[in-house]
Engineer: 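Let me begin by handing over the structure; questions about it come next.
Order of appearance sets the numbers: ligands from 1, and atoms from 1 within every ligand.
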Amino acid sequence: MSSSNTGGPEEPFLRAAGMTKSFGSKVVVDDVTINFFPGKILALLGENGAGKSTLISMICGQYRPDSGSLTVHGKTCTFRSPKDALKAGIGVVYQDFRLVPPFSVVENVVLGTRSRPNRRAAARIEEIAAELGFQVPTHALVQDLVVGQQQQVEIIKLLFRGLDILILDEPTAVLTPQQSSQLFTALRAIADSGKSVVFVSHRLAEVVESADHVTVLRGGRVVADQPAHGLNKSDLALLMVGDGIATTTRAARNRPVGHSVLRLKNASTAGQGRDVLNGASLELHAGEVVGVAGVSGNGQRPLADVVAGIVPLTSGTRETQEERIAYIPEDRLGTGLVGSMTIAQNLQMRDYRSEKSGNPWWINPKTLLAQAEPLIEEFHIPAAASIKVSALSGGGQQRVIVAREVRDEPRILVASQPTRGLDVVSSTAVREHLLDIADKQGAVLVISEDLDELLEVCDRILVMVGGEVVAEVPRKEATRLSLGLLMVGSPDGEASQ
Ligand SMILES: Nc1ncnc2c1ncn2[C@@H]1O[C@H](COP(=O)(O)OP(=O)(O)OP(=O)(O)O)[C@@H](O)[C@H]1O
Ligand SMILES: [Mg+2]
């Protein structure tokens, strides 16, 4: 509906030409040329490790390119730091937000500008928020905001500075589907005001829906650079991976469902706010994949922690005889991995939640590396065992967690957002691993924001509202719509309003 108002060829706001960057002997971004146009939304696509984040880091002054040039508004620029890029009108919303949690929204927004956190600043923030349909309480502390609102603060922060180019690295990875569509409405409004918007995403549906133009990287090189119009999801998947790679999961089989392996009855957890368990009940059986759907913050996270056995109950019961319980947590760098340790060490920290595991520091380093090799190969972890996890791309880190948790054929696997940040091929591979565990009579609990993912792998799907399991639907009867309605609490399937 909304495209930019001028018809003829336009000057890009920014042109990055011949950008190249290596880490050690590995060329990660290889002679990439890319343009950001005013009034347009550009999607930057590519498999995990394709070089997207590295390219962005060079454009915003975080990394120095080995070679290549940046032209902004027709002028050649060299950025020594992100500050220089900001001055030139380029701002980035990173996936791990850079806000100061104990500061208020106004304080965060004016930080680093000449403005003071006064009424004028607050009024300007409210004005920007209103234009984008954001609801951000200007005087609330950032730490009290939900993730979606924190992201809105990041965006407002950049617009407050009057930037022309907004780059968002996987902005929807942390959002629910509803929050994502709200974000894209806002991004369209920003583009329509004449700015240039660039985003990275692995969710091809939203790319098809929202982007004007797509640039695809493969192995650090541009393999496609074209208008988005007319492209569908499978076109994009094919551009990203090249030919001949499976991007759909094999159909879930009819497995015999075995005995009960874990039972939660009226389970409640401590804590403030909505995100607690409040009398949740469920039962898992050997050989089945059970999904959990829900609007985020309705108890999914504590449910995963409780089933995995790392958070105690305040009331209710948890019964299980199983000891081999694996957990892919939602938050990969918070509870999943230690960035400053190597891939080999992280792979060894099998039972990081209890003391009984082998402490990686006490294992002969050579043994540690040798043990990591087969996993690195099987799970396509794109680096050597001795590399620190912090040097992996987002998807590379997720693969390390999955490899560690899945490899010993756990009896129960709790998988929270298991494919978050993974490209199509890796997502397919992870779903296959979940099905394999069930085929071997393990029980799998999958918590996902992605309803299509749940519909693809689960035998039955539970719906959580307010810390309780309020519904259970066999996969054959579940649809996106029926689940969506249950998630917002209309059990009769009547859409309210
Ligand atoms: N600081 C670093 N040191 C060494 N290698 C790095 C460093 N940062 C990135 N790499 C490597 O560069 C490659 C590209 O990484 P990058 O983060 O740009 O990928 P990406 O396209 O953003 O992937 P993802 O979709 O998984 O986020 C990866 O192989 C990664 O391991
Ligand atoms: Mg990345």
Engineer: Considering non-hydrogen atoms of the protein only, which is the closest contact for atom 13 (C) of ligand 1, and what is the distance?
Structural biologist: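 Atom 13 (C) of ligand 1 sits closest to the protein heavy atom Val28 CG1, 3.4 Å.
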
Engineer: Please determine if Arg64 and Asp84 form a salt bridge, counting it only when a charged side-chain N lies under 4.0 Å from a carboxylate O.
Structural biologist: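 Here Arg64 does not pair with Asp84 in a salt bridge, since their nearest N and O are not under 4.0 Å apart.
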
Engineer: Would Thr54 count as a contact for the Mg ion (ligand 2), in the sense that one of its N, O or S atoms lies under 2.8 Å from it?
Structural biologist: no

Engineer: Measure the distances from the heavy atoms of Ala383 to every atom of ligand 1 and state whether one is below 4.0 angstrom.
Structural biologist: no

Engineer: If the cut-off is 4.0 Å to any non-hydrogen atom of Asn48, which atoms of ligand 1 fall inside it?
Structural biologist: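 Under 4.0 Å from Asn48, ligand 1 has these atoms: 23 (O), 24 (P), 25 (O), 26 (O).
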
Engineer: Do the charged groups of Asp169 and Lys52 touch, with an N to O distance under 4.0 Å?
Structural biologist: no

Engineer: Calculate, to the nearest 0.5 Å, the distance between atoms CG and CD1 belonging to Leu217 and Ile34 respectively.
Structural biologist: 6.5 Å

Engineer: Give yes if a backbone or side-chain nitrogen or oxygen of Leu392 is under 3.5 Å from a nitrogen or oxygen of ligand 1, and no if not.
Structural biologist: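 Among all N and O atoms of Leu392, none is under 3.5 Å from an N or O of ligand 1.
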
Engineer: Which residue owns the protein heavy atom closest to atom 22 (O) of ligand 1, what's the atom, and how far is it?
Structural biologist: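 Minimum-distance protein heavy atom for atom 22 (O) of ligand 1 reads Ser53 OG, 2.8 Å.
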
Engineer: Which of the atoms of ligand 1 are close to His202, meaning less than 4.0 Å from one of its heavy atoms?
Structural biologist: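 The atoms of ligand 1 under 4.0 Å from a heavy atom of His202 are 25 (O).
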
Engineer: Looking only at protein heavy atoms, which one is nearest to atom 29 (O) of ligand 1, and what is the separation?
Structural biologist: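 Nearest protein contact, heavy atoms only, for atom 29 (O) of ligand 1 is Lys26 NZ, 3.0 Å.
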
Engineer: Students should be able to answer this: which protein heavy-atom is nearest to atom 23 (O) of ligand 1, and at what distance?
Structural biologist: Gly49 N, 2.8 Å

Engineer: Strictly under 4.0 Å, does any heavy atom of Gln398 approach an atom of ligand 1?
Structural biologist: no

Engineer: Please tell me whether Tyr63 and Phe79 form a close aromatic pair, meaning their ring centres lie under 6.0 Å apart.
Structural biologist: no

Engineer: Would you check, one step at a time, whether the test side-chain contact (heavy atoms from CB on, under 4.5 Å) holds for Phe160 with Ile128?
Structural biologist: CA-CA 8 Å; Phe160 188 86; Ile128 297 173; 4.2 Å; yes

Engineer: At a 4.0 Å threshold, what atoms of ligand 1 neighbour a non-hydrogen atom of Gly51?
Structural biologist: 14 (C), 18 (O), 19 (O), 20 (P), 21 (O)

Engineer: Starting from atom 8 (N) of ligand 1, find the nearest protein heavy-atom neighbour and note its residue, name and distance.
Structural biologist: Phe23 CE1, 3.5 Å

Engineer: Could you check whether any side-chain heavy atom of Leu337 comes within less than 4.5 Å of a side-chain heavy atom of Val400, counting everything from C-beta outward?
Structural biologist: yes

Engineer: Hey, is ligand 1 close enough to Gly395 that some N/O pair sits below 3.5 Å?
Structural biologist: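 There is such a contact, yes.
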
Engineer: Considering only non-hydrogen protein atoms, determine which one is nearest to atom 31 (O) of ligand 1 and report residue, atom name and distance to 0.1 Å.
Structural biologist: Ala391 O, 3.0 Å

Engineer: Is there a side-chain contact (heavy atoms from CB on, under 4.5 Å) between Leu166 and Val93 once you walk through the steps?
Structural biologist: CA-CA 8 Å; Leu166 249 60; Val93 177; 5.8 Å; no

Engineer: Give the residue, atom name and distance (to 0.1 Å) of the protein heavy atom nearest atom 16 (P) of ligand 1.
Structural biologist: Thr54 OG1, 3.5 Å

Engineer: I need the Thr172 OG1 to Glu170 CD distance, nearest 0.5 Å.
Structural biologist: 7.5 Å

Engineer: Are His213 and Phe37 close enough that their ring centres sit under 6.0 Å apart?
Structural biologist: no

Engineer: Do His202 and Val424 come within less than 4.5 Å of each other through their side chains, counting heavy atoms only?
Structural biologist: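 His202 does not reach Val424 side chain to side chain.
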
Engineer: Could you tell me the residue and atom name of the protein heavy atom closest to atom 17 (O) of ligand 1, and the distance to it rounded to 0.1 Å?
Structural biologist: Ser393 CB, 3.4 Å

Engineer: Within less than 4.0 angstrom of ligand 1, does Ala50 place any heavy atom?
Structural biologist: yes

